[in-house]
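Basis for what follows: all heavy atoms, side chains included, without hydrogens, waters or symmetry-related copies. Count residues from 1 along the sequence. Order of appearance sets the numbers: ligands from 1, and atoms from 1 within every ligand.
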Amino acid sequence: MSNEPRIWTLQDFEIGKALGKGKFGHVYLAREKRTHYIVALKMLSKRQLLESRMERQLRREIEIQSHLKHPNILRLFGYFWDEKRIYLILEYAPNGELFNELRIERKFSEPKSANYIEQVINALMCLHENNIIHRDIKPENLLNSCGVIKISDFGWSVHAPTTRRKTLCGTLDYLPPEMVCREEYDEFIDHWALGVLTYEFLVGEPPFESREPRETYRRIEGLQYNVPSHISEEARDFISKLLKRNPYERMSLEEALEHPWLVKHRNSMV
Ligand code: AMP
């Protein structure tokens with residue numbers, strides 16, 4: 001897919017099988033007719049977007065994702081629209097959501113988790129260097145392309161040049177204490193989510209999960225979680241250095257990359 005800006009239409013693509021359904025429409029496998037390049041075409045209903053007042057969020061998503069070029073960030077090659085729909089031309093990730101992979105395998109081994117987490121850290125480093133906070137890191141927003149993890153879904157991402165923000169967003173299980181307490185927050189919320197993600201990969205469920213949202217909030221605030229005994233000391237330490245109540249005490253992404261748990265599994269077979 002060329003990087004040159006061009007005007008696309010639906011006629012430029014052969015549409016294949018449905019890859020999945022999101023909140024505002026379907027995603028299809030598609031092939032660009034001229035180059036035969038395979039992409040994922042996300043078709044969003046304008047009416048539904050307007051009804052849910054999501055236009056600004058989509059605009060932000062397009063603005064952010066189209067400028068990011070990193071192996072661990074899903075590419076947005078372009079977009080176009082017709083009367084009824086908005087179409088996003090996305091990089092195709094053949095293995096789909098990590099969420100499904102995790103549900104099928106129930107939990108990931110330590111080498112596999114470490115490998116995936118390292119790739120998520122590399123993506124987050126790129127985002128934070130560009131002053132972008134993802135705000136919604138979770139297995140549903142990570143795609144697998146033949147072992148290469150791609151962060152997707154930038155609907156909740158924000159450019160954060162200077163100010164700290166106060167909007168409550170993201171997914172309950174991944175909310176950091178500063179959001180639960182409606183305090184201001186910054187990019188360190190992604191570090192917290194990385195800790196939650198590591199736990200969920202290794203254990204198969206997120207650390208603060210509960211049937212009652214209020215109970216989840218309470219556990220997050222009180223930093224109440226248990227690590228099962230099969231989890232290694234190094235992994236436990238890795239998680240605990242990210243799940244800190246004080247955002248500024250959380251391990252930096254650079255430190256995370258050099259943490260003994262990741263170093264131990266780097267270059268190991270997955
Ligand atoms: P979404 O609207 O982003 O939640 O996407 C709905 C579903 O489509 C997801 O659950 C994935 O299974 C699939 N999907 C979305 N984007 C892609 C992609 N780039 N490559 C492969 N599958 C995708």
Side-chain angles (χ1 to χ4, degrees), residues 1-3 8 10 12-32 35-82 84-105 108 116 119-120 123 126-127 132 134-158 169-174 193 197 200-201 206:
M1 209 73 184
S2 129
N3 289 331
W8 297 100
L10 200 52
D12 292 315
F13 299 91
E14 284 162 351
I15 309 298
K17 66 170 181 180
L19 294 171
K21 188 178 173 335
K23 202 165 166 215
F24 299 105
H26 289 83
V27 182
Y28 290 91
L29 189 65
R31 187 164 75 164
E32 205 255 318
T35 58
H36 286 189
Y37 197 90
I38 301 287
V39 294
L41 204 57
K42 195 173 197 173
M43 306 185 181
L44 304 160
S45 151
K46 276 186 181 174
R47 186 177 52 81
Q48 275 177 286
L49 281 165
L50 283 169
E51 277 171 9
S52 314
R53 300 169 165 254
M54 296 297 277
E55 326 92 87
R56 271 189 44 188
Q57 197 163 313
L58 177 66
R59 223 178 264 270
R60 192 158 62 192
E61 183 171 355
I62 291 174
E63 175 68 24
I64 288 177
Q65 207 173 350
S66 58
H67 285 101
L68 292 167
K69 293 184 183 109
H70 185 279
N72 299 116
I73 297 175
L74 194 80
R75 285 289 309 275
L76 172 65
F77 296 115
Y79 63 97
F80 56 95
W81 60 89
D82 59 22
K84 290 202 169 142
R85 282 182 280 262
I86 295 172
Y87 302 83
L88 304 186
I89 312 167
L90 293 162
E91 175 182 358
Y92 171 51
N95 308 91
E97 279 180 19
L98 272 200
F99 181 82
N100 295 329
E101 193 173 320
L102 188 59
R103 289 299 167 264
I104 291 166
E105 296 182 23
F108 295 153
Y116 283 0
Q119 298 189 55
V120 176
C126 169
L127 294 183
I132 294 161
H134 188 280
R135 301 204 296 184
D136 204 13
I137 294 294
K138 55 178 175 176
E140 293 90 321
N141 290 338
L142 299 171
L143 294 171
N144 184 349
S145 178
C146 308
V148 181
I149 302 307
K150 313 265 177 186
I151 290 196
S152 73
D153 218 326
F154 285 77
W156 282 116
S157 304
V158 277
C169 60
T171 310
L172 201 57
D173 281 311
Y174 279 73
L197 187 71
E200 185 165 2
F201 280 176

Tabulated below should be the N or O atoms of ligand 1 paired with protein N or O atoms at under 3.5 Å; can you produce that?
from, atom 1, to, atom 2, distance (Å)
ligand 1, 3 (O), K42, NZ, 2.8
ligand 1, 10 (O), E97, OE2, 2.3
ligand 1, 19 (N), E91, O, 2.7
ligand 1, 20 (N), A93, N, 3.0

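- Once rounded to the nearest 0.5 Å, the distance linking CG of L197 with CD of E200 reads 7.0 Å.
- Between atom CG of residue L102 and atom CZ of residue F201 there is a gap of 6.5 Å, rounded to the nearest 0.5 Å.
- In this structure, H26 NE2 and L41 CG are separated by 13.0 Å, a value rounded to the nearest 0.5 Å.
- Using cut-offs of 30° and 60° on the angle between ring planes, the pair F13 and F80 is parallel.
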Next item on the list: Might you work through the ring pair (Phe, Tyr, Trp, His ring centres under 6.0 Å) test for F77 and Y37, ending with a clear yes or no?
Entry: CA-CA 11 Å; F77 296 115; Y37 197 90; 5.7 Å; yes

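- A salt bridge links R47 to E51: at least one charged side-chain nitrogen sits closer than 4.0 Å to a carboxylate oxygen.
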